[in-house]
Q: 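Quick one: the structure is below, questions incoming.
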Amino acid sequence: MKQETGTKRIIIAIDGPAASGKSTTARRVAERLGYIYIDTGAMYRSVTLKALQQGVLDGLRHSPEGVSSLLHDISICFDGDRVLLDGSDVTAQIRENRVSREVSFISSLKPVRDRLRDMQRELGRQRGVVMDGRDIGTVVFPDAELKIFLVADARERAKRRYVELLAKSPDGAGLPDLDLLEEEITRRDQDDAHREHAPLRKHAEAHEIDTSDLTIERQVDMVCKLAQEKEAKVR
Ligand code: CDP
């Protein structure tokens, strides 16, 4: 199902709450269509990791304007599946729970949002991208030809996150239990949906897909079918 000659490449925006299946779906859709996948959550996670590494996170809670110096010369790049922060591979570190717990705070800061939004627009300039996040269809690319909003039951999402964390730590050492994970995910959804700048919300034109009872394969098929219909229209 690779790109046919003469087909116009579109922008596919996939938004939704934590662990709703965005990144797995987006990555596979991109593979099938021959598009580039951009994980914007990884960018917010990278800024959060940098704040933790520099020990400035608590200070930022009192003086959020200090975040500008953190952003001053930051470099976030994608190399295939790897994420590079200021030249170092941080792919594994940005998924740690200490980052997940703080990322909503960092993402709520306007200078962070403005900076990453500009980087994301630049990355999507050539089109032919699948970008996932919280505000891609509403703020970053409101003109994206295809907008998807993925949702799933909170318990189901906590289970998925648990399996993901378990795969990285097979002996289960230091793993939060399911109830705690569900609580953290729900709190992050609340924070993301109620923040002042670019809150998580569904664009009026977005196709909502509930993934609670869907297989990944089925989700990917649904999004690819919609994408091909859109591509045909902009041909
Ligand atoms: O993978 P998961 O769904 O847990 O989250 P993620 O996509 O890696 O995003 C982590 C956090 O970054 C979210 O909870 C948001 O606070 C923030 N984020 C955002 O504000 N805007 C985006 N476009 C993407 C992520």
Side-chain angles (χ1 to χ4, degrees), residues 11-27 37-52 57 60 67 76 78 81 83 85 90-124 129-142 144 147-154 156-165 167-168 176 180-203 206 211 216 219:
I11 291 188
I12 305 175
I14 303 188
D15 291 305
S20 54
K22 299 180 302 291
S23 59
T24 315
T25 307
R27 183 174 284 112
Y37 165 54
I38 295 160
D39 174 359
T40 65
M43 301 171 82
Y44 288 95
R45 285 173 180 273
S46 297
V47 180
T48 308
L49 179 65
K50 184 160 175 158
L52 284 165
L57 212 130
L60 289 178
V67 79
I76 303 170
F78 294 97
D81 278 347
V83 184
L85 167 64
V90 293
T91 317
Q93 282 179 76
I94 58 168
R95 301 286 155 205
E96 288 171 9
N97 224 28
R98 65 184 178 123
V99 174
S100 302
R101 274 196 292 267
E102 303 295 350
V103 62
S104 282
F105 163 63
I106 290 292
S107 313
S108 70
L109 305 176
K110 189 159 189 314
V112 176
R113 298 218 73 83
D114 289 350
R115 180 70 188 279
L116 295 193
R117 180 203 58 217
D118 290 350
M119 284 185 186
Q120 289 154 12
R121 285 189 179 154
E122 184 55 31
L123 288 167
V129 299
V130 187
M131 200 174 274
D132 80 344
R134 301 294 187 287
D135 61 340
I136 311 306
T138 50
V139 173
V140 182
F141 287 114
K147 302 181 185 76
I148 303 285
F149 196 77
L150 291 187
V151 296
D153 177 72
E156 176 58 33
R157 292 189 282 128
K159 283 187 197 159
R160 291 176 187 170
R161 190 45 45 94
Y162 187 80
V163 171
E164 226 174 80
L165 291 171
K168 286 179 205 147
L180 182 62
L181 269 180
E182 185 176 341
E183 209 179 291
E184 284 178 0
I185 282 180
T186 313
R187 184 176 42 80
R188 189 141 62 89
D189 291 349
Q190 291 290 327
D191 290 347
D192 290 346
H194 292 105
R195 68 183 172 217
E196 185 184 353
H197 309 293
L200 166 69
R201 72 181 170 79
K202 178 176 170 253
H203 189 285
T211 69
I216 296 287
Q219 278 159 231

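Counting starts at 1 for both ligands and their atoms, following the listed order.
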Q: Heavy-atom contacts with ligand 1 below 4.0 Å: which residues, ordered by chain and residue number?
A: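 Contacting ligand 1 under 4.0 Å are A18, A19, K22, T40, G41, Y44, R45, R95, V103, S104, S107, R113, G133, R134, D135, I136, R161, R188, D192, R195.
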Q: Is a donor from one side chain sitting under 3.5 angstrom from an acceptor on the other, for R160 and T211?
A: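 Side chains of R160 and T211: pair found under 3.5 Å.
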Q: Do D81 and Y37 have side-chain N/O donor and acceptor atoms under 3.5 Å apart?
A: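 No, no side-chain donor-acceptor contact under 3.5 Å.
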Q: For E122, which residues count as a salt bridge (Lys or Arg N to Asp or Glu O under 4.0 Å) partner, sequence neighbours excluded?
A: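 If we apply the salt bridge (Lys or Arg N to Asp or Glu O under 4.0 Å) test to E122, skipping adjacent residues, the hits are R125.
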Q: For residues 99-110, which residue pairs pass the salt bridge (Lys or Arg N to Asp or Glu O under 4.0 Å) check, not counting sequence neighbours?
A: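 Those involving residues 99-110 are R61-E102, R101-E184, K110-D114.
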Q: Just wondering, more than 12 heavy atoms not from R27 lying within 6.0 Å of its CZ?
A: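 Yes, because the 6.0 Å sphere around CZ of R27 holds more than 12 heavy atoms from other groups.
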Q: With sequence neighbours excluded, tell me which residues meet salt bridge (Lys or Arg N to Asp or Glu O under 4.0 Å) with D135.
A: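 Checked D135 against salt bridge (Lys or Arg N to Asp or Glu O under 4.0 Å); matches are R113.
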